[in-house]
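Remember, predicted model here, so these are calculated numbers, not experimental data. Hydrogens, waters and symmetry mates are skipped; everything else that's a heavy atom, side chains included, is used.
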Amino acid sequence: MTTELADIQAFVAVARAAGFREAARAIGSSPSRLSEAVRRLEDRLGVRLLNRTTRSVAPTEAGAQLLERLEPALKEVYAALDLANGFRGKPVGTLRLNVPVSASRLVLPHIVPPFLAAFPDIRLEVIAEDGFVDVLAAGCDAGIRYDERLEQDMIAIPIGPREQRFAAAAAPAYLQQRGRPKHPRELLDHACLRGQFASGTKPAWEFERKGERLKIEPTGPLLVRIGAAADLAVDAAVAGVGVVYLFEGWLRPYIARGELEPVLEPWWPRFSGPFLYYPGRRHQPAPLRAFVDFVKALPPWE
């Protein structure tokens, strides 16, 4: 029985994501297109593959058994096609990266332009978010994270600066009016611009100096989503609303222009830089292999 490969891919994507909208977001399609593809596949096979409700999508017994057989088969198909791709003068295809917003702002701008110039036949898709997602389940080839805690069968290599700092800063006018803190605990008496993860967690502000480490939970007039709305917090700090706490690299341009002034700089904590992580399977897609080799060949980050 002849079946279009695209329809099979659509079914696998929807079954993995447990939803048409989620699958469409993961593979860059539309829910209606995926729904039509799955319906065509079901019509050809003469059997229902997915149970659909207004709240969920789940494979039927037939769909689950088909999915179990299809996934390894599709991997072999992709590996075989990509093996042929390796014989080209330069690899072609799409590379999908899932990265934190901070990495899309502070790391990738130094890497993406020269990479795309070196590999003009590769199309790079960057999904920037600060939620903790399964990179492969989200339909991505690789991800960037700020630690080496790996899922099974994943590899990590350094990408970007090997050491970074969190920094606190405020507008000179604000500090002139409210005073300049000499110790992190004095921030409890200041207007602080906080961040919050999608989960609702508000990370504490951490400081360190000469072996002394402490965390504080300051309060203030503004709470923003970490990553997605960080620029709003920076703009508010520049306007004199309060103290902002963010990656040093994010704040440095504002400090260099005099729009912000460092706060408690001797206390800024250091942490390890990000890692590119990807599946350790035997046959990597050519675009991913090219990107990994390109990152490995980069000179040390200044």
Side-chain angles (χ1 to χ4, degrees), residues 97-115 126-132 135 142-150 154-170 181 184 187 192-198 201-216 218 224-235 237-238 243-257 259-278 291-292 294-302:
L97 300 179
N98 183 282
V99 307
V101 174
S102 57
S104 71
R105 184 183 183 105
L106 303 179
V107 176
L108 290 184
H110 301 273
I111 297 174
V112 167
F115 173 74
V126 178
I127 296 90
E129 56 189 355
D130 282 290
F132 296 99
V135 169
I144 293 179
R145 294 292 182 269
Y146 279 91
D147 57 49
E148 288 186 276
R149 290 177 292 178
L150 301 179
M154 299 292 279
I155 296 174
I157 62 171
I159 184 171
R162 299 324 315 136
E163 187 177 75
Q164 293 178 277
R165 291 196 299 177
F166 281 117
L187 289 174
C192 294
L193 314 177
R194 297 291 301 275
Q196 183 181 47
F197 288 114
T201 302
K202 291 184 289 186
W205 289 12
E206 301 185 19
F207 295 93
E208 179 181 1
R209 184 182 185 186
K210 296 180 180 179
E212 181 183 358
R213 299 180 181 181
L214 54 89
K215 298 180 180 181
I216 64 169
V224 302
R225 178 67 57 85
I226 289 176
D231 279 327
L232 175 59
V234 176
D235 290 342
V238 170
V243 182
V244 65
Y245 180 89
L246 200 58
F247 287 89
E248 178 183 5
W250 204 313
L251 299 180
R252 271 300 169 194
Y254 299 89
I255 294 174
R257 293 193 296 266
E259 296 173 302
L260 292 176
E261 182 179 317
V263 172
L264 297 167
E265 185 167 2
W267 288 87
W268 291 356
R270 300 177 183 274
F271 59 97
S272 63
F275 292 84
L276 173 71
Y277 76 106
Y278 53 93
F291 189 72
V292 169
F294 186 84
V295 169
K296 287 181 177 180
L298 290 173
W301 195 277
E302 294 183 2

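- Looking at every heavy atom in both residues, W301 comes nearest to G160 through CE3-CA, 3.2 Å.
- Taking all atoms of both residues into account, the shortest heavy-atom contact from Y254 to V238 is CD2-CG2, 3.8 Å.
- Annotation: side chain of N98 is in contact with side chain of R145 (closest heavy-atom distance under 4.5 Å).
- Listed by chain and residue number, I111, F294 satisfy the side chain to side chain contact (heavy atoms under 4.5 Å, CB included) test with L298 (two or more places apart in sequence, or in another chain).
- Atom CD1 of I157 sits about 13.5 Å away from atom OH of Y277, to the nearest 0.5 Å.
- Nearest heavy-atom pair, A237 versus L193, reported as atom, atom and distance to 0.1 Å: N-CD1, 3.6 Å.
- Counting non-hydrogen atoms of neighbouring residues, nucleotides and ligands closer than 6.0 angstrom, the CZ atom of R257 exceeds 12 such neighbours.
- How far CD1 of I144 is from CG of L108: 4.5 Å, rounded to the nearest 0.5 Å.
- For the pair V99 and V107, the minimum side-chain heavy-atom distance is 4.5 Å or more.
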Acceptor/donor pairs from residues 225-233 side chains to any protein atom, 3.5 angstrom cut, sequence neighbours excluded:
residue: D231; atom: OD1; partner: R105; partner atom: NH1; Å: 3.0
residue: D231; atom: OD1; partner: W250; partner atom: NE1; Å: 3.0
residue: D231; atom: OD2; partner: R105; partner atom: NH1; Å: 3.0

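- Closest approach of S102 and Y146 over heavy atoms only: OG-OH, 3.2 Å.
- The distance from atom CH2 of W267 to atom CZ of R213, rounded to the nearest 0.5 Å, is 12.0 Å.
- Legend: residues meeting side chain to side chain donor-acceptor pair (under 3.5 Å) with S104, ordered by chain and number and at least two apart, are absent.
- One finds the CD1 atom of I216 at 4.5 Å from the CG atom of L187 (value rounded to the nearest 0.5 Å).
- Annotation: side chain of F247 is in contact with side chain of F166 (closest heavy-atom distance under 4.5 Å).
- Every residue meeting the side chain to side chain contact (heavy atoms under 4.5 Å, CB included) condition with P158, not counting sequence neighbours, appears here in chain and number order: R162, F275.
- Here the shortest heavy-atom pairing between V244 and W205 reads C-CH2, 4.3 Å.
- Here the closest non-hydrogen pair linking F115 and F291 is CE1-CA, 3.5 Å.
- Residues satisfying the salt bridge (charged side-chain N to carboxylate O under 4.0 Å, His left out) test with E163, not counting sequence neighbours, are R270.
- Remark: side-chain polar atoms of Y245 are paired, donor with acceptor, to backbone N or O of E206 under 3.5 angstrom.
- Under the rule for a salt bridge (charged side-chain N to carboxylate O under 4.0 Å, His left out), the partners of E248 that lie at least two apart in sequence or sit in another chain are R165, R252.
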